[in-house]
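Okay, so here's the structure we're looking at.
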Amino acid sequence: MAPPTPLLEVEGLTKRFGDFTALDSVSLELAAGERHALVGENGAGKSTLVKMLYGLLAPDGGSIRWQGRALRLANPAQARAAGIGMVFQHFSLFEALTVTENIAIALPQLSLGGLAERIDQVSRTVGLALDPDRRVHSLSAGQRQRVEVVRCLLQDPKLLILDEPTSVLTPQEADTLFEAVRRLSDGGCAVLYITHRLAEVTALCDRATVLRRGRMIGHCDPRTTPAGDIAEMMVGTKIAPIARAAPEPGEPKSRLRLRALSLSARETGGRRLKDIYLEVKSHEIVGIAGVAGEGQNELVRALTGEIRLPLLKGAIEINGKRAAHRDPASRRRLGAGFVPEDRSHHATVPAMGLDENVMLSHHGEPRMVRAGFLNMAGARAWVERIRDTFDVRASSETPAAASLSGGNLQKFIMGREILRQPRLLVVDQPTWGVDAAAAARIRQAIVDLADDGAGVLLISQDLDELFALSDRIAVMYRGRLTPARPTERLNARLVGLMMAGPKVAVP
């Protein structure tokens with residue numbers, strides 16, 4: 001008896017951009033009901049591959065067969081018509097509209113009459129219950145992710161592509177999503193799952209395809225292949241564990257102190273902050289956990305100086321100096337470094353070169369001027385140092401920031417701040433979207449900075465990262481910050497419950 005025809009067959013798929021080969025003769029198969037992981041380092045070709053499967057890019061070579069027949073896609077609409085659905089990493093929802101209205105706009109072919117009932121039925125069937133009448137602005141990040149998934153499921157896909165679906169979810173929300181994915185695959189829907197979190201791959205997927213620098217390295221069974229071995233396949237070398245130095249003797253210095261920091265929604269332009277107290281000392285990493293949108297972004301903007309508080313000078317101290325009334329350049333001169341969450345428009349100017357971005361961020365620092373880094377030749381030398389230390393890959397010596405992949409841009413921004421050796425580093429999502437090797441390099445650099453006497457405030461939605469790096473962890477929920485507690489007194493489940501809002505007794 002002949003084996004069943006695969007749902008999807010990719011043979012020798014190739015994509016070039018000019019002289020650069022983004023994907024080089026990659027092949028894989030997916031069966032109906034299979035949960036298949038697609039993993040690889042930054043720039044490995046994962047996004048290029050799935051964009052061709054979804055009709056966003058046309059291949060330059062190779063073939064795609066769908067249910068045994070050749071498939072050529074001119075656009076995503078044709079992919080959806082064939083039965084291929086995709087949930088992208090970043091949400092595309094209108095805040096002021098309801099769940100039903102958002103889905104109706106995205107899927108005009110569906111009749112509005114009875115749509116709310118269909119949303120309710122589909123969401124409950126897969127275990128991702130939604131209120132169709134809720135407005136999106138009132139939903140948590142996890143609930144918004146449910147909207148994206150349910151919107152895709154209403155098209156009744158035979159293949160569901162999920163791109164980093166847990167990046168903004170609590171552990172409990174991620175578990176709910178995994179159960180939904182299992183139900184979908186049990187019902188015959190194939191799932192192609194893209195993530196940098198290898199623990200999710202081993203827990204969820206039946207098979208994995210590993211890419212490296214545009215080429216397929218091989219396939220494996222993640223249920224029996226250790227995560228470390230998969231990571232080694234991805235990057236071509238073993239990844240060393242994080243090494244932390246012994247604590248320095250003597251009294252630590254205060255690097256950051258917040259006293260009764262409060263801001264109204266009008267002042268922040270978003271969520272208000274309520275009576276925040278926190279201290280970060282030298283040789284210490286303090287982590288802040290929380291679902292996206294709970295006030296982390298507003299807190300970072302208050303710390304960078306984008307929101308200044310002339311009447312509350314004592315609310316923020318940096319290295320023992322009052323800073324709440326100071327602008328960003330003045331805070332950098334006090335010894336602070338900042339990495340905001342939005343790397344593409346907040347941490348860099350996309351159209352400018354990397355050397356120009358270095359000059360923009362460091363122009364007011366006398367130490368950098370004295371070192372000769374703030375003319376164009378010096379800035380280019382600084383960029384080269386960043387690229388060498390953090391393995392930033394680009395197509396030219398001084399490319400525009402927008403030309404870098406997300407992971408390489410993240411490595412550049414982290415290197416730009418860490419190599420200055422600030423005495424306080426405030427970093428939001430330090431390894432978002434980077435591969436395992438780059439994440440290990442960035443995390444070790446953060447630890448080395450703290451070991452050298454800096455204080456680090458680390459904001460992350462990756463609980464594994466927080467527990468691996470932090471000496472103490474606090475949780476932000478609706479603009480409030482819990483006391484920072486020693487990491488050894490916490491666990492992921494407890495922090496996840498605190499992230500979801502209930503009052504949790506912590507020993």
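Not measured: the values here are computed from a predicted model. Note that these values count all heavy atoms, side chains included, but never hydrogens, waters or copies made by symmetry.
With rounding to the nearest 0.5 Å, the separation of CG in Leu162 from OG1 in Thr195 is 10.0 Å.
By the 4.0 Å N-to-carboxylate-O rule, Arg393 lies close enough to Glu41 to be salt-bridged with it.
Side chains of Asp327 and Ser330: a donor-acceptor N/O pair is present below 3.5 angstrom, by distance only. For the 3.5 Å distance criterion, the side chains of Ser254 and Glu317 fail to qualify, holding no donor opposite an acceptor. A donor atom on one side chain and an acceptor atom on the other are found under 3.5 Å apart for His346 and Glu306. Residues Arg151 and Ser92 have side chains that bring a donor and an acceptor to within less than 3.5 angstrom of each other.
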Start with the C-alpha distance between Glu341 and Arg301, add both sets of side-chain angles, then the distance that settles salt bridge (Lys or Arg N to Asp or Glu O under 4.0 Å), and finish with yes or no. CA-CA 10 Å; Glu341 176 185 4; Arg301 290 174 57 232; over 6 Å; no

Step by step, would you call Val286 with Leu458 a side chain to side chain contact (heavy atoms under 4.5 Å, CB included)? CA-CA 6 Å; Val286 177; Leu458 169 65; over 6 Å; no

Determine, stepwise, if the pair Arg443 / Glu465 fulfils salt bridge (Lys or Arg N to Asp or Glu O under 4.0 Å). CA-CA 8 Å; Arg443 289 166 182 162; Glu465 180 168 76; 2.8 Å; yes

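Residue Ser470 comes nearest to Thr487 through the heavy atom pair O-OG1, 2.8 Å, listed as atom of the first residue, atom of the second, then distance.
Shown are Arg255, Arg257, Lys253, Arg423; of these, the side-chain hydrogen bond (donor to acceptor under 3.5 Å, both in side chains) with Asn319 is made only by Arg255. Among Arg385, Arg380, Arg387, the one residue that satisfies the salt bridge (Lys or Arg N to Asp or Glu O under 4.0 Å) test with Asp355 is Arg380. When the options Lys281, Arg244, Arg485 are evaluated for a salt bridge (Lys or Arg N to Asp or Glu O under 4.0 Å) with Asp471, the one that passes is Arg244.
Leu23 places none of its side-chain heavy atoms less than 4.5 Å from the side chain of Thr14.
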